[in-house]
2 protein chains.
Amino acid sequence: MPKVALILSGCGVQDGSEIHEAVLCLTALQKAGAEIFYCAPDMDFTSVNHLTGKSAEKRNALVESARIARGNIRDIAKVSAKDVDAAILPGGFGAAKNLCTFAVDGPDCKLNEPTAKLLRDLKSAGKPIGAACIAPALLAKLFGADNHPELTIGNDAGTAAALEKLGAKHKTATAAQAVVDRKNRIVTTPAYMCAKDAAEAWPGIEAMVKETLGLIGK
Amino acid sequence: MPKVALILSGCGVQDGSEIHEAVLCLTALQKAGAEIFYCAPDMDFTSVNHLTGKSAEKRNALVESARIARGNIRDIAKVSAKDVDAAILPGGFGAAKNLCTFAVDGPDCKLNEPTAKLLRDLKSAGKPIGAACIAPALLAKLFGADNHPELTIGNDAGTAAALEKLGAKHKTATAAQAVVDRKNRIVTTPAYMCAKDAAEAWPGIEAMVKETLGLIGK
């Protein structure tokens, strides 16, 4: 049974993990027989009221992510690359505001260090990483300059250009597709970067999860 | 394209809609070609920190449900049975603490009146209602005494006895099954009342959604 870190960043598209993507990722992982290690950074962020779109009170990414994980979650700073065989990152603004600051700073974004450390250690150990929606931006920032990974965020020209500025090679894809970079062991799918709903995101997310699991030990 | 109210009660298993169930319900509805009307009661509740399990600050069910609905949600008090062809209720403690108080008061539970009104009006109009997990308790309270609907909450004897006390007929079922009461146009599935994970809940939830949609106009 492969062990997979599901890296969350809160609970809600505007300030955390995109909920549909997170649930479709975990469902695909469970269908494939994987054991999930839910994790998120223990960090505060400014929440967004999803009814009004306005900024609201401070919340904590680990505490809010525990809603998606049904309480079974750990601080990502305490997860070692040795504990798992792979990692999966759903999207949502949390991936681009909490795990890194790409949504605010673009190619000059900063990284959440415990998250970056786990991903770097997984990459060094040859363990695969899958990402959906805007989460590939984090991988472009981490690995673009040295490894030039082939990634997708769908078909948005501006975002694709920002990933290429970081050294990644962007490949246009639909929500039904997953882009596999076998050399770098990185798999990506556009999800809500171009899907109109969860049903349209599902085939690409399931493909991304299966391809990621298929790269374990390869 | 059938129009379906997806009735939410917050965002998180301990104090709102069970997130996996809600997302699997909406994905099944979208796969089946339904148009979803997300709605929730505009009411405050005591939130639960899902990391520690402790009671925390007040939150609002409509505002938190908007996280699952990606902002596209309305106050259930403003939804008329004329607007939709059917309704679906995911589970989670929100269904048994916010939509009604079954988790606290058992068969003596009180109902959230705007939610109860919509469900009564749908029933009177012959429009089908589907429910997962503990949400069937709300239907037992609403319709048990007069209509004796056949329902399932899985295989938990204590909960089943409480539903029967309300006048419902309980039928044992697995997470893969949906129980269809054609006379009352009510469809139920156990989901996390007995599923070990989202992948195990998915077949029953998809069956519940399909059977509910199949009862429209019948």
Side-chain angles (χ1 to χ4, degrees), chain A residues 10-36 38 40 42 47-54 56-57 59-75 92 192 195-203 205-206, chain B residues 10-36 38 40 42 47-54 56-57 59-75 92 192 195-203 205-206:
Chain A
C11 178
V13 58
Q14 298 294 342
D15 58 12
S17 291
E18 207 298 311
I19 292 173
H20 305 185
E21 291 174 5
V23 172
L24 297 180
C25 284
L26 69 90
T27 302
L29 284 164
Q30 292 163 352
K31 277 184 71 182
E35 182 183 358
I36 303 173
Y38 295 94
D42 183 3
S47 71
V48 175
N49 178 315
H50 280 54
L51 186 64
T52 64
K54 291 185 181 161
E57 77 278 11
R59 292 188 179 182
N60 178 283
L62 179 60
V63 170
E64 297 310 313
S65 298
R67 295 178 171 272
I68 294 172
R70 295 167 53 90
N72 179 22
I73 193 165
R74 63 189 82 182
D75 179 356
Y192 270 113
K196 72 175 185 304
D197 61 20
E200 192 176 328
W202 169 243
I205 287 177
E206 189 165 35
Chain B
C11 177
V13 59
Q14 298 294 343
D15 58 11
S17 291
E18 207 298 311
I19 292 172
H20 306 184
E21 291 174 3
V23 172
L24 297 180
C25 284
L26 68 90
T27 303
L29 284 164
Q30 291 163 352
K31 276 184 72 181
E35 182 183 357
I36 302 174
Y38 295 93
D42 183 3
S47 70
V48 175
N49 178 314
H50 280 54
L51 187 65
T52 63
K54 292 186 181 161
E57 76 279 11
R59 293 188 179 182
N60 178 283
L62 180 59
V63 170
E64 298 309 314
S65 298
R67 294 177 171 272
I68 294 172
R70 295 167 53 90
N72 179 23
I73 193 165
R74 62 189 83 182
D75 178 357
Y192 270 112
K196 72 175 185 302
D197 61 20
E200 194 177 326
W202 168 242
I205 286 177
E206 188 164 36

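- Residues passing the ring-ring contact (aromatic ring centres under 6.0 Å, His included) test with B:Tyr192, sequence neighbours excluded: B:His20.
- With chain B as the partner, the residue from A:Gly53, A:Ala69, A:Ala66 showing the most heavy-atom pairs under 4.5 Å is A:Ala66.
- Most heavy-atom pairs under 4.5 Å with chain A, from the set B:Leu62, B:Asp15, B:Thr52: that is B:Asp15.
- Chain A forms more heavy-atom pairs under 4.5 Å with one residue of B:Val23, B:Asn49, B:Thr27, B:Leu29 than with any other, namely B:Val23.
- The greatest number of non-hydrogen atom pairs below 4.5 Å with chain A, out of B:Ile73, B:Asn72, B:Ile68, is found for B:Ile68.
- In terms of heavy atoms, B:Val48 sits closest to A:Arg67 at O-NH2, 3.2 Å.
- Between B:Cys11 and A:Ile19 the shortest heavy-atom distance is SG-CD1, 3.7 Å.
- With sequence neighbours excluded, no residue satisfies salt bridge (Lys or Arg N to Asp or Glu O under 4.0 Å) with B:Arg74.
- To the nearest 0.5 Å, atom CG of residue B:Leu24 and atom CG of residue A:Leu24 are 7.5 Å apart.
- The side chain to side chain donor-acceptor pair (under 3.5 Å) search around B:Gln14 returns none, not counting sequence neighbours.
- Only the side chain of A:Leu26 comes within contact range of chain B, with at least one heavy atom under 4.5 Å from a heavy atom of that chain.
- For A:Asn60, no part lies near chain B; criterion is any non-hydrogen pair under 4.5 Å.
- A:Glu64 has a carboxylate O that lies under 4.0 Å from a charged side-chain N of B:Arg59, or vice versa, which qualifies the two as a salt bridge.
- Listed in order of number, the residues of residues 196-203 of chain B that approach chain A to under 4.5 Å between heavy atoms are B:Asp197, B:Ala198, B:Ala199.
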